[in-house]
Structures are given as structure tokens and as C-alpha cells.
There are 4 protein chains.
Amino acid sequence: MRDQNNKSNVETTPHEPRWRRRKDDRPREIMDAALEMFLERGFAATRLEDIATKASVTKGTLFIYFENKEDLYKSLVRENMKELKAFQEENKFDIHISSQETLLFLTNNWWKSVANSDYGKLPKLIVSEAANFPDITKEYLEEVSRPGRAGIAEIVRRGVESGEFRKVDPALAARVIMAPLFMLLIWRYSVAPFDEDALNEIEYVNTHIKMAIQGLLARPSAA
Amino acid sequence: MRDQNNKSNVETTPHEPRWRRRKDDRPREIMDAALEMFLERGFAATRLEDIATKASVTKGTLFIYFENKEDLYKSLVRENMKELKAFQEENKFDIHISSQETLLFLTNNWWKSVANSDYGKLPKLIVSEAANFPDITKEYLEEVSRPGRAGIAEIVRRGVESGEFRKVDPALAARVIMAPLFMLLIWRYSVAPFDEDALNEIEYVNTHIKMAIQGLLARPSAA
Amino acid sequence: MRDQNNKSNVETTPHEPRWRRRKDDRPREIMDAALEMFLERGFAATRLEDIATKASVTKGTLFIYFENKEDLYKSLVRENMKELKAFQEENKFDIHISSQETLLFLTNNWWKSVANSDYGKLPKLIVSEAANFPDITKEYLEEVSRPGRAGIAEIVRRGVESGEFRKVDPALAARVIMAPLFMLLIWRYSVAPFDEDALNEIEYVNTHIKMAIQGLLARPSAA
Amino acid sequence: MRDQNNKSNVETTPHEPRWRRRKDDRPREIMDAALEMFLERGFAATRLEDIATKASVTKGTLFIYFENKEDLYKSLVRENMKELKAFQEENKFDIHISSQETLLFLTNNWWKSVANSDYGKLPKLIVSEAANFPDITKEYLEEVSRPGRAGIAEIVRRGVESGEFRKVDPALAARVIMAPLFMLLIWRYSVAPFDEDALNEIEYVNTHIKMAIQGLLARPSAA
DNA sequence: GATGAATGAGCTTTCATTCAT
DNA sequence: TATGAATGAAAGCTCATTCAT
């Protein structure tokens with residue numbers, strides 16, 4: 001993989017160094033590699049050597065930046081959670097538009113900023129390792145999942161209150177609205193690569209959000 | 001990596017069951033215990049000793065009934081898949097009732113016979129181990145998932161054709177309709193035990209199916 | 001080391017089993033092997049594989065009987081300490097004989113039962129690993145060393161009191177009396193194998209105890 | 001196992017010191033730090049990083065002055081041995097005084113110049129690492145231990161010859177006389193820090209040397 | 001010279017699997 | 001059949017050593 005025969009030609013060619021110092025970038029690179037592997041194989045089935053190889057370092061380097069395998073896992077999940085939380089908080093909706101428009105807007109944002117970033121990988125990871133990392137699971141539920149649901153529930157509640165939506169339980173409706181979106185992420189990062197029936201994700205999301213809005217509207221258009 | 005050694009048992013009778021029967025049905029007990037553990041921890045993180053303890057036998061006994069850990073895993077998934085398939089096939093809908101009634105009827109059936117049996121544990125397991133057991137993943141997609149989706153899509157197609165439903169892509173709508181149900185199963189067997197916000201599953205399913213039907217109907221009731 | 005070619009002649013010779021169950025004897029055998037190695041190399045420099053080989057088992061077997069390397073070390077030291085303590089307690093001196101005879105008697109006993117048993121290996125081990133196992137060190141000091149010193153000091157005290165011995169501090173004299181005996185054990189298990197100048201241990205002990213008694217007697221014989 | 005690679009520096013000048021000097025004498029500082037750590041933990045259990053930290057340098061610096069960990073160990077032991085030898089050689093006794101006075105004089109000198117300097121740390125180190133560094137062990141025995149014993153034996157021999165001492169084997173008596181002194185050093189640098197029963201070292205040495213002289217004198221005073 | 005990030009050999013530990021009992 | 005002691009391959013982790021900076 002790397003240049004291994006730079007012994008015999010030392011004094012002739014100014015050969016590439018065997019490695020470089022990249023103190024600032026390594027942790028991120030390692031966490032990125034680890035996220036991919038953990039997402040694909042799960043925590044226990046992933047060997048540190050594979051993560052190291054993927055991050056273009058050796059096993060030992062992992063231990064410079066992380067205490068152990070578990071610490072690496074928790075660090076990368078928490079790092080992604082932190083960023084996702086920040087995103088959620090700044091992504092407040094415009095309360096002047098209708099509830100259905102707000103849902104559309106949020107779904108759109110979600111698609112662009114969550115579904116197609118590393119944050120979108122968290123659900124599959126959290127779900128798969130839930131019982132193995134109870135603390136992480138609780139943190140995710142409390143800090144990411146619950147606030148997210150609460151936000152959607154609030155929109156639904158306003159829609160119901162204003163008469164725009166039918167009478168539904170906002171908390172349940174929020175869960176129902178979010179389910180197909182999370183299912184998409186879980187699907188994508190688990191069975192999708194083995195599915196011969198490729199899924200058009202954008203059409204799926206559009207179909208979902210339209211159905212959901214139609215399902216909520218007090219006087220749905222016959223469109 | 002896995003899934004490729006179907007060599008050693010060629011010379012035995014092809015109809016010999018995967019595991020030998022015993023009067024007290026040890027294999028089933030072992031598979032039940034294994035299902036619980038694999039579901040909770042994942043394949044790699046589950047120790048055979050734990051499965052054995054849960055099944056009230058010892059490690060060595062597992063190897064009397066199953067070739068190895070992988071064989072145990074595949075056996076239990078396939079056994080459950082086989083039964084689930086049988087259920088799906090006999091559970092054909094009555095084509096004389098309306099499409100929305102059919103959806104209600106199927107959801108009801110699903111709730112009683114899938115969501116609350118061991119079959120309901122498959123999605124979380126399959127999703128978590130997808131990349132580690134590609135063959136199993138493909139089998140599930142081909143033999144369980146795809147036929148299920150096709151069944152729902154067909155109902156939607158008829159609803160659209162008859163004018164009962166709006167014009168939607170039946171395949172996508174089918175995925176959207178099924179997503180919250182699968183999400184429920186995955187949720188239940190992963191993060192739910194750690195969630196302080198207990199989910200009323202029946203209300204969730206009802207909310208979902210009502211919203212979905214409202215979302216599909218050409219002239220939805222304003223209920 | 002063991003029979004390795006029992007593959008080709010399986011159906012002909014009733015070959016020796018590859019291993020036997022020796023649940024009851026293994027811990028002692030492992031601890032004996034470990035004591036030898038730890039004594040020679042020290043804790044950190046001893047590889048578990050070497051201990052295993054010496055005990056005629058494999059690495060994995062060590063972990064059936066001991067939690068980890070440290071537990072093995074502590075177990076063997078404590079086991080030997082326990083036996084040594086028992087010996088010390090039952091080996092009470094006859095208070096009717098003179099103090100000098102008591103010292104001779106005890107030294108004789110020590111030579112037979114401590115110096116030439118595994119207990120005699122403890123001092124070098126304790127000394128070498130003192131800072132690495134503070135708890136063990138304290139236990140040894142409290143439970144073995146201190147009572148031993150106290151016993152000797154008591155004899156000296158009686159000798160002084162009765163006028164048999166000169167006026168000396170019994171506690172210090174006890175330490176001085178014991179020092180050459182412990183030094184012998186430490187010497188024997190450390191540098192002695194590399195010394196060209198072989199030490200006649202019995203003569204050494206005799207020379208010591210005679211000098212010590214002469215050194216203590218109020219009116220020493222001119223022998 | 002160790003001690004056998006004296007190959008690489010053959011072509012350099014034979015008088016080149018083992019370690020290069022620097023104005024602020026880094027090698028000495030490193031060896032001092034290493035001595036403390038090796039003495040406390042042993043060779044294998046001591047991490048170079050800890051030595052470096054103690055010497056206020058970093059790991060890499062150690063390798064500027066010493067080839068490797070083993071070289072550092074050997075260098076510091078040999079350096080101390082060399083100085084100790086020099087001390088022993090110049091510390092010849094005055095043959096005009098009595099043998100018992102000579103013993104007192106030497107013990108006094110030993111207390112001031114050996115027991116309370118770094119040389120006094122050698123015995124515990126040598127004893128602990130004897131089997132791991134056979135060459136060092138032999139050097140110590142030949143160059144330090146044996147000459148020391150021979151010196152004491154010579155004094156005893158003269159005492160016996162002159163009638164001042166009883167008839168004893170000078171070599172054995174020498175060992176017996178030295179044992180409590182070495183035991184003191186070993187005790188001090190191993191278990192003493194964990195002993196609740198603090199030892200008054202000076203009283204111990206005085207008690208010892210008085211007892212030893214009384215034990216040797218042909219007509220001991222009844223003091 | 002000095003640093004400390006990076007390496008990789010080697011050790012401890014785990015656990016699926018075997019097999020004596 | 002059933003057990004669980006014993007095995008040994010493989011994984012996590014440590015740390016002496018190297019070398020880019």
C-alpha cells in the first residue's frame with residue numbers, strides 16, 4: 001500500500017516520507033472511517049485494524065486520539081449528535097406560513113441537511129447498538145429525538161388549533177410523519193445495497209409528505 | 001466474507017432438516033434464546049455462552065444442534081422467515097371490499113399476527129446485520145419484503161384504478177404505508193426500552209393508518 | 001512438546017488424548033509454574049505464554065482459573081502467604097528451654113520448613129514487586145513479616161529479662177537476627193545462579209546463628 | 001536472552017564514552033531518573049515515557065543519548081558500579097588498628113558513602129533484575145560483590161589469626177556480617193515505604209555491628 | 001538537538017469451537 | 001446426549017522505537 005522499498009535508494013531519490021504529522025486532522029479522519037465501518041458492520045464486528053486502514057493510519061495511531069474502541073465509538077456519535085443538535089436548534093421554522101407549508105419546508109431542509117450528511121447515519125447506528133450503549137441511546141433520545149418530535153408536534157398542534165388540520169393527537173402524528181423519513185435512512189444504510197428494487201428516495205419523500213399533508217388537512221384538496 | 005461455505009453437508013440427504021428434532025424440541029428453545037440475544041446485542045456481540053444459559057443448556061449443546069454460531073443465526077432467521085412467508089401467502093385479502101377497508105383489514109392482521117409474534121423481530125435483526133449476512137438480507141428482501149410491498153402496492157393500484165384513491169405511484173405509496181409499521185418494530189426492539197416517552201403502539205398504528213387512508217382517498221371525509 | 005502427529009494414524013493407534021481434564025489440579029500447577037517464572041523474571045517481564053507452557057497448558061487455560069495476570073499473581077502470593085502464616089502460628093517455641101536454644105530450634109525449623117519450601121520464595125518476589133503491588137506488600141508485612149519479627153523479639157526480650165542475653169533492643173535485634181536468613185533466600189533466588197563462588201548455605205546459616213547467639217549472650221563462651 | 005548484542009559500535013573509537021556529554025549533562029539526569037524508576041518498578045514495568053517525564057525531557061530525547069531501553073539500563077548500572085568500585089578501592093583500611101575497630105570504621109564509611117548515595121540502590125536493582133541481565137549480574141558479583149566480601153574476609157582472617165576473633169570461616173563470616181547491611185538497603189528500597197513499623201536505620205546498623213563484633217570476639221566484653 | 005506523532009511487534013484477553021468425560 | 005475444560009485464532013491494547021517536523 002505504501003512505499004516500502006525506500007531503503008536502497010535513500011541517497012538518490014528524495015522519497016516520500018513514510019508518514020506525515022496530521023495531529024489536527026487525524027481525529028476527524030479516524031471518526032469518519034469509524035462511522036462508516038460501525039454503520040456497516042456494527043460495533044463488535046468492526047475491527048480496529050479495518051478502521052485504521054480506512055483512515056490510512058495504523059492501529060496504534062487510533063490509541064493516540066482515543067482511549068479505546070468504545071471511546072472512539074462514543075466520541076464519534078456524540079460529535080455527530082452535537083452538530084445535529086446545533087442544526088436542529090438553528091433551523092426554526094417561520095411561524096407565519098401555514099402548517100402544511102411549514103412541514104414541507106422542514107422536510108426539505110431535513111432532506112438537504114440531515115438526510116444527506118453524516119447525521120443521517122446516526123439512526124441506523126443508534127438503533128443497531130441501542131442495547132450495547134444505553135447511555136448513548138438515552139442521550140440521542142433526549143437530546144435529538146425528543147426535541148425533533150416536539151418540534152413537529154408543535155406544528156401539528158398549531159395546524160389543528162387553527163383548523164388547518166383535522167383533529168389528531170399531535171405527538172402521535174409527529175411520530176407517524178417522521179417514521180417514513182427515519183425508515184428511509186435506516187433502509188439506505190442497511191438493506192438498500194442488497195435490494196434489486198432500487199428506491200427513488202426523492203420520490204419516496206415527496207410521496208410521503210404529500211400523503212401526510214393530505215392525511216392531515218381538514219378539507220384536503222382533491223388533487 | 002460470510003455466507004459462502006455450503007460445502008460440507010452435500011452427501012447427506014437433501015431433505016434432512018437443518019437441525020435434528022428432539023422430544024423436548026431443544027433446537028427451538030435454542031433458537032428462541034438466540035433470537036432474543038441477537039436481537040438485543042447483535043450477532044458479533046452475543047456470546048454463545050449467553051445464548052446457552054438463556055436456553056438452559058451449556059455451550060457444547062449448541063454445537064450438537066447447529067454447526068456453528070453462523071449456522072445458528074441463519075437457521076433461526078430462515079425458520080422465522082419461512083413461517084412469516086407462509087403467513088403472508090395464506091393471508092390474502094378479500095377483493096370484494098373497498099381498498100381502504102382492505103388496508104385496514106391487513107393492518108389489523110399484521111398487528112395481530114406479525115407485530116406481536118417473533119416475526120416482528122426480524123426487521124430490526126435484518127437491518128442490524130444486513131452487511132454481515134448479505135445472503136440472508138437478500139433472501140429477506142426477495143422472499144418477504146418484496147412480496148409484502150407488492151401486495152400493498154396492488155391494493156393501492158386497484159384503489160387508484162377504481163377512483164377510490166388519488167393518483168399515486170402504488171409502489172412508492174406502498175413503501176410509505178409500510179414504513180411507520182416497520183419503524184414501530186425497529187423502535188420497539190431497539191431504543192424503546194430506553195425512551196422515557198412511552199409509545200402507545202395501538203394508537204400509533206391507528207393514527208398512522210387513518211392518516212394514510214385519508215392521504216390516499218380521492219375525496220377524503222373531513223372526519 | 002506434545003504429540004503432534006496423531007492425525008495420519010487415527011484409525012490405527014489408540015493415540016493419547018490431546019489433553020485431559022484436570023480441573024482440581026490445574027490451579028495449583030499453574031500457580032507453581034507462575035511462581036517460578038515471576039520469581040525469576042518479575043511480574044511484568046513474564047509472559048503468560050511462558051507460564052502456560054511451563055504448566056503444560058495453553059494460554060487460554062490460565063483464564064479459566066484466574067481472571068487475569070494480576071489475579072494470578074495475587075492468588076499465588078496469597079495462597080503461599082496463607083500457608084506460611086499457618087506454619088508460623090503452629091510453630092510456637094517451647095518456652096521452657098533457654099533463649100539461645102529457642103533461637104537454634106527456630107532457625108532449624110525455619111531451615112527445614114520455610115527455606116526449603118515454596119514459602120522461601122516469597123521474600124525475593126515481594127521485594128522485587130513491592131511498589132507494583134502495594135496491597136500485597138502490606139499484607140505480607142502485616143501478616144507474615146511483623147508477626148515473625150514479633151516472635152523473635154519476644155524471645156530476645158525474655159533472654160534479656162532473664163539475664164541470659166545482654167541488654168539489647170529486642171525489636172532491632174530481631175531484625176538483625178533475621179536479616180541474614182532473608183538475605184540468603186533473596187540471594188539464592190536472584191544472583192546465586194550467576195555466582196562462581198558457590199555458597200554453602202547450611203554452613204552460612206550455622207555461622208550466622210552461632211555468631212548471633214555469641215553476640216547476644218551476656219557471658220559468651222570462648223568457644 | 002539479553003546481553004548479547006555487542007556488535008554495532010565496534011568501528012568507533014574504543015574510548016568513546018557510552019553516552020555523549022552535554023553542557024547541562026542530560027545523560028546523567030536521564031540516568032538518575034531511570035535509576036529511580038527502575039529501582040521502584042523494575043526494568044520491564046518502567047515506561048520510557050515515565051523516565052523521560054521524570055528527567056524533564058521527552059521520549060525521543062532518550063534515544064539521542066542511549067541506544068535503547070536496555071542500553072540505558074546497563075549504562076546506569078555500569079556507571080554506578082564503576083564509581084562504587086573506585087570508592088571501594090580507595091577506601092582501604094588502616095592495618096594498624098584492631099580488627100574490630102576496622103570493622104567499625106568500614107561500617108561507618110559504608111553508611112556514609114554507600115548506604116546514603118546512589119550506590120546503595122544497586123543491590124535491590126541487581127537482585128530484582130538478576131535473571132533478566134545475567135551479564136550485569138555477573139559483573140556486579142565479580143567486580144563489586146566479591147572484592148567487597150574479600151575485603152571483609154581478610155579483616156576477619158587477620159582477627160582470627162591475631163587471636164582477637166574466635167575461630168570462624170572468614171568467608172562465611174564476611175557474608176554474615178554484610179548480610180544485614182545489604183538487607184537494609186533492599187528493605188529500604190522495596191517494602192519499607194509500605195511498612196507501618198518504621199525502622200531506625202542507624203540504630204539497626206549499630207545494633208548489628210555491635211552484635212557481630214561481640215559474636216566474633218574471642219573474649220567478648222560483657223557490656 | 002528536541003519533540004511527539006506514527007509505527008508495528010508483541011502481549012493480554014476473549015470466545016467460538018473441540019473433545020475428554 | 002450433555003457437559004464444560006481445554007484449545008488456539010484473533011482481537012484489543014501497550015509501548016519501545018523511529019522519524020517528520
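Chain letters run A, B, ... following the sequence lines, proteins first, then strands; residues in each count from 1.
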Ser56(D) vs Thr58(A), nearer the 5' end of DNA chain E by closest nucleotide: Ser56(D)

Restricting to non-hydrogen atoms, name the atom on [X] and the atom on [Y] that form the minimum distance, rounded to 0.1 Å.
X: Phe66(D); Y: Asp71(D); value: CA-OD2, 3.5 Å
X: Tyr140(B); Y: Met81(B); value: N-CE, 3.8 Å
X: Leu72(A); Y: Phe38(A); value: CG-CE1, 4.4 Å
X: Gly42(D); Y: Thr46(D); value: O-OG1, 2.6 Å
X: Val127(A); Y: Ser190(B); value: O-CB, 3.3 Å
X: Lys23(A); Y: Tyr65(A); value: CA-OH, 3.4 Å

Distance in angstrom units between [X] [atom1] and [N] [atom2], rounded:
X: Glu29(D); N: dG1(E); atom1: CD; atom2: C1'; value: 14 Å
X: Leu72(C); N: dT13(E); atom1: CG; atom2: P; value: 10 Å
X: Leu62(C); N: dG8(F); atom1: CG; atom2: C1'; value: 13 Å
X: Lys23(C); N: dG4(F); atom1: NZ; atom2: C1'; value: 9 Å
X: Asp71(A); N: dG12(F); atom1: CG; atom2: P; value: 14 Å
X: Asp50(B); N: dG4(F); atom1: CG; atom2: P; value: 15 Å

If you look only at distance, which donor and acceptor atoms sit under 3.5 Å apart when one is on a side chain in residues 52-64 of chain D and the other is two or more places apart or in another chain?
{"residue": "Thr53(D)", "atom": "OG1", "partner": "Glu49(D)", "partner atom": "O", "Å": "2.9"}
{"residue": "Thr61(D)", "atom": "OG1", "partner": "Thr58(D)", "partner atom": "O", "Å": "3.4"}

Aromatic Phe133(C) / basic Lys74(C) pairing, under 6.0 angstrom, 45° off normal: no

Consecutive-pair stems (3 or more, Watson-Crick or G-U, under 3.5 Å) for DNA chain E: E:2-21 with F:2-21

Touch class at under 4.0 angstrom, heavy-atom based, for Phe66(C) against every strand present: nothing

Arg28(C)/Asp25(C) salt bridge by N-O under 4.0 Å criterion: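 No.
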
Under 4.0 Å protein heavy-atom contact, by nucleotide of nucleotides 14-21 of chain F - B base, S sugar-phosphate only: BSSBBBBS

Phosphate OP1/OP2 of dA2(E) contacted by Tyr65(D) side-chain N/O (<4.0 Å):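 Looking at the OP1 and OP2 atoms of dA2(E), one of them is under 4.0 Å from a side-chain N or O of Tyr65(D).
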
